[in-house]
Structure formats: C-alpha cells, structure tokens
Amino acid sequence: MGGSQSEREDKVSLELNEEIIQSMEVGMAFRDYNGRISSMDFHKTSSYLVTASDDESIRLYDVASASCLKTINSKKYGVDLVCFTSHPTTVIYSSKNGWDESLRLLSLHDNKYLRYFKGHHDRVVSLSLCSRKECFISGSLDRTVLLWDQRAEKCQGLLRAQGRPAMAYDEQGLVFAIAFGGYIRMFDARKYEKGPFDIFSVGGDTSDANVVKFSNDGRLMLLTTMDGHIHVLDSFRGTLLSTYNVKPVSSNSTLEASFSPEGMFVISGSGDGSVYSWSVRSGKEVASWMSTETEPPVIKWAPGSLMFVTGSSELSFWIPDLSKLGSYAGRK
C-alpha cells in the first residue's frame, strides 16, 4: 500500500476547480509559425499533438517533452483541418488551396500519402474520426456530410445539410451529431441512413454552426456559432442547459470551444482573440484571458490533464501556476 494513499490524495487535491482554472497561464509557447494555426488535435492514447497552419505546415509535438518532433510541409495542397487516426503518427487532413478538396491520409513517420479521399466540391469545414472503427465523417461548404472508411477512397455514405455543417462523433463512436440552421441532428453511427433519431433545437440561433463536440462521458454537448454563442446541451434529452456569449466571429474564422476532461468547465475562443472559461454547473464565467490577437484561437483541452492548448499565430500550452494557489503554497 506504500505510496498509494498519498498519491491518491495528490490526485484528488489536484482535481480541476475554479481556483485552478483562474491560475492558468501560458507555460510554454512555440512562436516559429509563419501563419495562423487553423486546427490541432491530441492523440487519445499517446502524448502527441498535431497542428495545421496557414504557413502550409503540419507539425507533430510530444507534449510530455514539450518538443516539436517533426514538421511536414504541404505546399501543394495547403492544410486546414487535421485529425489523428488511432495511430499516433498517422493523420487525416483537408486542403486549403481552393482547387483540390480531397482529404488525405498521411503518415508523418515517413511523410507518405497512404490514401486520398475524393468527394467534396468545396472547402471541408468539419472533420471527426470515430474511435471505434476505421471510419470518419467530413462536412463541407458544398452542404454535404460524407462518411468514409479509412481503407477506401470512395465515400461510404452521404447526408445533405441545408447550410454549413458542423459534426462530431461521441467518444465511444456510437453516435454522431450534425449541426446546421439552429438544430443539432443526432444519428446512430451504425444506421445513419435511417435519418436522425433525434433533433435538438439550440434556442433560435440560426447563425452558421462552427463546431459541435461531446463531453468525454457523452452526457453533454456544445455547439458554437458564428454569432459568438456557445450552447451547452444535455446530449440525451436535448435540453439547452446554458448559452455563453463571446464576440461574434467573421465568416472565414471558426469559433472553437472545448470541454474540460470531466465536463465541468468549458473553455472557448472569442471573435476578439480572447479566451474564456465558464462553469457548466453554474453557467457563470470563471476566468478570461485577454489577447492582442484579433481572431479566435483554436482551443483544445489536453486529454486527462490540467492543461489546455491554444493556437493562433503561435502555439501556447496553458497550465496552472501553482504558486498562485493558496492551498498549494508551500507544498512540494
């Protein structure tokens, strides 16, 4: 039983709370980008992070050693959205060149394209991978959502959207949500062709959907919209639990928000470049961090960790400053 008791106490004492969020600040930043970061993703089971940037680079980081392991340039196609597959050095990404809307399966290990996925006719604005099987979904300004199998170049299914679609799988990969036009449509991943099994309204906000996400336990979902609203819903009943407001974003930006690992807090960018956090339970703002940027950063909470990451013209890792926390002062 040796150290397990004190280790357990340490773990419990560092559970995320408002005080810890308020103490968070940039612990490390990578400033060597020559364009805005458009997308990033954490690998679920390794300590890797991947970023995509307007400087046409894809970069792989090891968060554990806070180092950039690899930079791969996609000069021909540009790069917009990027997601890990289950493999920690294989990604799927969308292009940003305006003439080839294929998605690409890329091995970062040896910089080889493993597959192209052709089917969209306009920019891909949403991309989500299923944790259960080798499948993923993509949504485009061509108003289609395509369903893919990583092993096949042709799409496996097509759903139409009446607007810019945002979509996401839940953590288990059993359901996915497609948002547009003020509603979130819920689909069973195994029988999506039957149409949505539920449709949730998001309080009359019909501005363009930007991102939709599930909390890790699947009980909550959030939707951000161009008007600067972050809606949090109960993902089983569809009840709108709260709406947080930030500065609206321009049509070429994306407002991104993220749940903390246990779903107690939401962090979000804003149309004025700032970062905000709210408590899901109380609906109140917990913290805000002003910025000299003028566009919303992309923002993701690191899986199972007291850290979130923002991407703007630089990549920033936000961690608690324990010296600011009364209850931790003097602890070693």
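Position 1 is the first residue of the sequence; numbering continues from there. Every heavy atom of this structure was used, including side-chain atoms; hydrogens, water molecules and symmetry mates were not.
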Can you tell me how far the OG atom of S253 sits from the CG atom of L255, to the nearest 0.5 Å? 9.5 Å

Kindly compute the distance separating CD1 (I92) from CG (L81), expressed to the nearest 0.5 Å. 11.5 Å

Charged N-O contact under 4.0 Å between [X] and [Y]:
X    : Y    : result
E293 : R36  : yes
E256 : K213 : yes
K70  : D62  : no
E56  : K96  : no
R123 : D80  : yes

Say whether [X] and [Y], considering side chains only, have a donor N or O and an acceptor N or O under 3.5 Å apart.
X    : Y    : answer
T225 : D227 : no
R281 : S279 : no
E262 : S260 : yes
W318 : T310 : yes
H229 : T243 : no
S138 : H120 : yes

Measure up the H43 and F84 rings against each other and bin them: parallel (under 30°), tilted (30 to 60°), perpendicular (over 60°). perpendicular

Over 60° means perpendicular and under 30° means parallel, so classify the ring planes of W278 and Y276, tilted if in between. parallel

Does NZ or CZ of R59 come closer than 6.0 Å to the centre of the six-membered ring of F30, within 45° of the ring's axis? no

[X] and [Y] aromatic centres sub-6.0 Å:
X    : Y    : value
Y77  : Y93  : no
F117 : F136 : yes
Y116 : Y113 : yes
F308 : W289 : yes

Beyond-backbone contact of K300 with L49, side-chain heavy atoms, under 4.5 angstrom: no

Whichever hydrophobic residues join L141 through chains of side-chain contacts under 4.5 Å: V125

Check F176, F197, Y192 against F187 for a ring-ring contact (aromatic ring centres under 6.0 Å, His included) and give me the one that passes. F176

Any salt bridge (Lys or Arg N to Asp or Glu O under 4.0 Å) involving residues 102-111? Give me the pairs, sequence neighbours left out, ordered by first then second residue. D100-R104

Test of understanding: with ring-ring contact (aromatic ring centres under 6.0 Å, His included), list the residues that count as partners of F259, not counting sequence neighbours. none

